[in-house]
Each structure stands twice: as structure tokens, then as C-alpha cells.
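Below, each value reflects all heavy atoms present in this structure, side chains not excepted, and no hydrogens, waters or symmetry copies. Nothing here was measured: the structure is a model prediction, and the numbers come from that model. Residue numbers start from 1 in every chain, and the chains themselves are labelled A, B, ... in the order their sequence lines are given, proteins ahead of strands.
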Number of protein chains: 2
Amino acid sequence: MATHSSARPGASKRSGSQLSPEAIIEASLRVAARGGDDAFTVRRLGQELGCDPTAIYRHFRDKDELLLSVADRTLGEALDGVPHGLPWRDRLRTLAAESLRVGMKYPVVSSLMASRTTRRPNEFRIVELILGAVHEAGLSGPDAVVHYRMFGDSVLAYVGQHAALQMFAPTEREGDESAWSREYRLADRQRFPYIAGLVEELAAVTHEEIYAARIEALLDKIERRAAEARAVTDPAGAGAPSAETTAQQR
Amino acid sequence: MATHSSARPGASKRSGSQLSPEAIIEASLRVAARGGDDAFTVRRLGQELGCDPTAIYRHFRDKDELLLSVADRTLGEALDGVPHGLPWRDRLRTLAAESLRVGMKYPVVSSLMASRTTRRPNEFRIVELILGAVHEAGLSGPDAVVHYRMFGDSVLAYVGQHAALQMFAPTEREGDESAWSREYRLADRQRFPYIAGLVEELAAVTHEEIYAARIEALLDKIERRAAEARAVTDPAGAGAPSAETTAQQR
DNA sequence: ACCTGAACACCGTTCAAGT
DNA sequence: ACCTGAACACCGTTCAAGT
């Protein structure tokens with residue numbers, strides 16, 4: 001099937017396909033978005049690229065290296081959805097929403113990334129965005145860092161958790177999701193009075209409500225911690241909080 | 001290697017081993033606690049039990065079924081670490097701490113469970129515990145359920161995230177963890193002023209601080225939401241909050 | 001009735017061989 | 001210089017064969 005070799009530098013030696021880190025990353029995003037069981041395997045990737053699966057190892061040391069590169073792309077996609085000029089709370093809220101949206105677009109990637117760090121450009125940009133937001137909120141030093149991590153890690157974990165759930169084969173997912181309306185409905189009223197008293201609510205609650213509660217809890221925490229910090233450094237004027245602390249440093 | 005067969009009912013037909021769901025679950029916990037790459041594979045399990053790997057399929061439909069059973073055991077172990085009689089906030093705090101402790105004891109299990117529901121007895125007990133705590137805090141109905149899920153899902157996700165990180169081969173883990181003190185230290189001061197200004201703090205922050213901030217954020221949210229709810233139903237006496245609402249219903 | 005073990009359809013990865 | 005593809009050491013799972 002493979003034919004000839006034109007000597008144009010950088011041109012393909014194969015019919016229609018050319019191999020480069022870029023091309024491999026883009027193929028990964030395509031198959032990841034398509035979903036399914038083999039959504040991110042080297043064999044599936046070889047198929048998508050029209051080349052031998054192991055050719056990928058010419059451009060990435062191993063699959064983990066590729067994953068980090070692909071994941072960093074998805075971080076960039078989430079970032080692009082966050083408009084400039086929003087006040088810090090809306091900025092973080094939007095970042096959380098975009099992270100979830102993009103994460104669900106590439107579930108294999110985000111489920112594998114939930115406990116990772118890409119150490120790549122777009123991650124730097126996200127860290128900078130969150131640090132800027134918590135600074136604007138009024139946090140600095142170790143406080144800024146702890147609360148940035150609290151927020152960032154939490155979003156990452158939630159998105160990964162949700163993506164992993166979505167990836168399950170329908171039968172298993174259905175088992176997990178319908179538990180609230182099936183198994184929990186059969187709970188013994190004596191041993192589990194609270195569950196028994198809330199079966200309807202347990203079955204009706206949505207992921208959106210849960211995510212919103214979680215994000216707002218974190219944003220509230222940042223705001224309150226900033227208020228505490230201000231009360232210490234500036235015991236008098238705790239009235240009008242953030243006009244000056246809002247100034248960006250570039 | 002396998003020998004003879006004594007006909008005692010329930011006794012082993014093999015030297016030293018006997019197969020039952022119970023024995024398989026306990027073997028799973030042992031190998032999971034021991035850690036390593038093959039910490040939870042059917043072949044490793046067969047080795048631990050001194051039987052053929054596929055014998056497990058006599059007692060569990062598939063590996064997922066076994067995982068849920070094993071995971072439910074670990075939930076029980078976490079529950080056992082939560083003393084009775086604690087006020088709601090301490091009860092949830094202790095549950096979070098115990099979940100992390102037990103989760104790190106069986107990292108393979110907790111990383112696989114992060115997005116799952118066991119639908120088994122100990123999960124019921126944990127749900128009941130959390131629902132009881134948020135009730136004591138002053139939440140009811142949909143509010144109680146949303147905040148229970150917020151708390152429960154968040155703890156599960158964090159523990160899974162942390163366990164997955166711990167499971168990485170040393171080289172990859174070191175890459176991820178040292179990122180803060182290596183790659184981030186090299187960040188361009190022009191493009192990433194906040195990162196550059198906080199490199200020391202980024203490298204110094206601990207998982208314990210981050211977890212504590214996260215848990216306290218969730219507990220604060222529950223408390224404040226309960227205060228809002230009280231203000232609506234009982235606009236007058238928002239002063240002494242929880243003495244009566246504390247009453248358990250059994 | 002219960003366990004065995006060969007076999008199947010997958011993984012990620014290596015490396016000698018091709019061009 | 002770059003890609004190929006057989007091969008290796010793994011997975012979870014099935015099923016005919018043993019006892």
C-alpha cells in the first residue's frame with residue numbers, strides 16, 4: 001500500500017499521511033473526541049494516521065509523553081473559551097465551565113489527566129490565570145498558592161471523574177447512575193432513615209447542581225479568606241474591598 | 001503441584017487455599033495494599049490465592065464486580081475510623097481524613113473507584129452518615145442531597161486523584177511532583193508574572209494544606225447554606241443555631 | 001460441582017530488518 | 001533517516017476439558 005518517495009523535504013512519503021508530533025496530536029484529539037473503547041490506543045492512532053502504530057515512537061518517547069502533549073492542547077481549548085476582562089469570580093467560574101465542556105469533549109484524555117500535571121505551555125497559562133484571579137480576589141503569598149491549588153486540582157478531579165463515568169460501557173454506567181433510583185430506593189428505612197426520607201431527591205439531583213455547588217463553595221472560600229487577610233493587614237477599611245487590590249501587574 | 005482431595009465440606013481441595021468471594025476479596029485487599037504495578041490483576045490474584053487466575057470468575061461475574069466488592073470493604077474501613085458522637089463538622093472532617101488514609105492504603109482500588117458507586121452496604125452507611133451530618137447542620141430536602149453529593153463526590157475524587165498519583169512509576173511521579181520546583185521555576189517572568197513571583201510558594205505547598213482548604217471550603221458552604229435556609233424559614237431567631245436541629249431521628 | 005488451562009482478542013513497547 | 005512489522009510481555013475473559 002505504501003508507495004514511492006518524493007524527496008520534497010517535510011513532504012509525505014506515504015499516500016496522504018505525514019508524520020509529525022503535530023499530526024499525531026491532532027489525530028489523537030480526533031479519535032479521543034470520537035469516543036469508544038479504543039479511543040486512545042497506539043493501534044487506533046496508527047489506523048487514523050494511516051501508518052504503522054509503532055511509528056509514533058519516532059516522535060514521542062512513550063504514550064504518556066503523547067498524552068501530556070494532547071492534554072495540554074485541551075487545556076488550551078478550555079482557556080480560549082474564557083473571555084478577557086471578566087472579574088475574578090466570573091473568570092474562575094467560566095474557566096471551570098469551559099474545563100468541564102472541553103473535558104467531556106475528550107473524555108479519555110481528561111480521565112487520564114485527572115491526577116497529572118502537563119508542565120507544558122497551556123498549563124502555565126491556566127496557572128497564571130488562576131493565580132491572577134486569586135490575587136485580584138485579594139490573596140497573596142502562600143495563601144494564593146494554596147487556594148489556586150484547591151481550585152485547580154478540584155476542577156481537574158471533577159472533570160476527570162465525570163469523564164471517566166461517561167466513558168463506561170453503557171451497561172456499567174447505567175448501573176452506577178440508576179443506583180440512586182433503584183438500589184437506594186430499596187434501602188431499609190430502619191437502618192437508613194435519611195436515605196429513605198430522601199429517595200426522590202437522591203434520584204432527581206443533577207450533575208450541574210452538584211458542580212455549581214462545588215465551584216461556588218471554592219469561590220466563597222477564596223473570597224472569605226481574602227476578607228480575613230484584609231482584616232489583618234488593614235483592620236480599618238474592610239468596607240470597600242477590592243477596587244485597588246484589583247490592579248493587575250501588567 | 002495441586003494434590004489430593006479431602007471431602008470435608010467447605011474445606012480446601014488445595015494445599016492451604018480455599019476459594020470463596022470472601023477469600024478473594026481479602027486477597028485483593030492484601031495485594032492492593034502491597035502495591036506495585038500488578039497490584040490488582042486476576043493473574044496476580046490467582047498467584048496470591050494459589051489457584052488458577054480464572055477460578056475467580058466462578059465467584060464474580062467480572063473484575064468490575066470484584067472491584068466494587070473490594071472497594072466497599074475499604075469504605076467500611078474508613079467508616080470504622082469515624083467515632084460516634086462527634087458534632088457534624090468534626091464527623092465530616094474525620095470521614096474525609098479517614099477516607100484519604102484508607103484510600104492511600106489501597107491506591108489501586110481508590111483510583112479505580114474515583115468515579116464509581118459501589119451500591120453496596122458500606123456505601124449506604126457512608127451516604128447515611130453524610131446525610132445525617134448535613135441534616136444536623138440544618139439542611140433538608142434537595143439542599144441536603146446536593147450538599148451531600150458535593151461533599152461525597154469531592155472526597156472520592158480527591159482520594160482517587162491522590163492515589164493515582166502515588167501509583168505512578170517513580171520516574172513519572174517525580175516528573176509531575178517536581179514540576180513546581182523545576183519547570184515552573186524557569187517560567188518567563190514577562191508572560192507569567194504571578195508564577196514567577198510565587199515560585200517558592202508553589203514548590204513549598206503541601207497536599208495536606210490543599211486538602212484541608214478544600215474540605216473546609218465544603219464544610220463552610222454547608223454551614224452557610226444552612227444559615228440561609230434558617231433565615232428564610234425562621235427570620236427571627238438566627239442567633240443560636242443548632243442545639244435542636246442536632247436531634248437525631250433514631 | 002468446581003477448577004483448570006489453553007486460547008482469544010486485546011494492550012504498550014522494543015528492535016532487527018527493510019527502504 | 002525514517003518507517004515497518006514481527007515479537008515480547010502483558011491484560012481480562014471464554015470455554016472445552018478435566019476431576
Given atom [atom1] of [X] and atom [atom2] of [N], what is their separation to the nearest angstrom?
{"X": "B:Arg43", "N": "D:dT13", "atom1": "CZ", "atom2": "P", "value": "11 Å"}
{"X": "A:Ile56", "N": "C:dG12", "atom1": "CD1", "atom2": "P", "value": "9 Å"}
{"X": "B:Tyr57", "N": "C:dT4", "atom1": "OH", "atom2": "P", "value": "15 Å"}
{"X": "A:Lys63", "N": "D:dC10", "atom1": "NZ", "atom2": "P", "value": "18 Å"}
{"X": "B:Leu67", "N": "D:dG12", "atom1": "CG", "atom2": "C1'", "value": "13 Å"}
{"X": "B:His59", "N": "C:dA1", "atom1": "NE2", "atom2": "P", "value": "14 Å"}
{"X": "A:Leu45", "N": "C:dC11", "atom1": "CG", "atom2": "C1'", "value": "14 Å"}
{"X": "B:Arg58", "N": "D:dT14", "atom1": "CZ", "atom2": "P", "value": "12 Å"}

Considering residues at least two apart in sequence or located in another chain, which fulfil the side-chain contact (heavy atoms from CB on, under 4.5 Å) criterion with B:Glu209?
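Listed in chain order: A:Val146, B:Val205, B:Thr206.
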Which sits closer to the 5' end of DNA chain C, B:Thr54 or A:Thr54, going by the nucleotide each is nearest to?
B:Thr54
Mapping A:Arg61 and A:Arg44 to their closest nucleotides on DNA chain C, which lands nearer the 5' end?
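The 5'-side residue here is A:Arg44.
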Is the charged tip of A:Lys63 near the ring of A:Tyr57: under 6.0 Å from the six-membered ring centre and within 45° of its axis?
no
With ring centroids as reference points, do B:Tyr158 and B:His162 lie under 6.0 angstrom apart?
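Close enough - the centres of the two rings lie under 6.0 Å apart.
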Are A:Arg34 and A:Arg44 close enough that some pair of their side-chain heavy atoms sits under 4.5 Å apart?
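In short, these two side chains touch, coming nearer than 4.5 Å.
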Among [options], which nucleotide sits nearest the side chain of [X]?
{"X": "B:Thr41", "options": "D:dT4, C:dT13, D:dG12", "answer": "D:dG12"}
{"X": "A:Cys51", "options": "D:dT13, C:dC11, D:dT4", "answer": "D:dT4"}
{"X": "B:Asp52", "options": "C:dG5, C:dC3, D:dC11", "answer": "C:dG5"}

Select base, sugar-phosphate, or nothing to describe what B:Phe60 touches, counting heavy atoms under 4.0 Å on all strands.
nothing
Between A:Ala55 and B:Pro53, name the one whose nearest nucleotide on DNA chain D is closer to the 5' end.
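Its nearest nucleotide lies further toward 5', so the answer is A:Ala55.
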If we call it a pair only when both distances are under 3.5 Å in a Watson-Crick or G-U wobble match, what pairs with C:dT4?
D:dA16
Counter-base of D:dC10, judged by Watson-Crick or G-U geometry with both distances under 3.5 Å
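Result: none.
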The test is salt bridge (charged side-chain N to carboxylate O under 4.0 Å, His left out); show your working for B:Arg116 and B:Asp64 and say whether it passes.
CA-CA 10 Å; B:Arg116 306 301 304 284; B:Asp64 194 64; 2.7 Å; yes
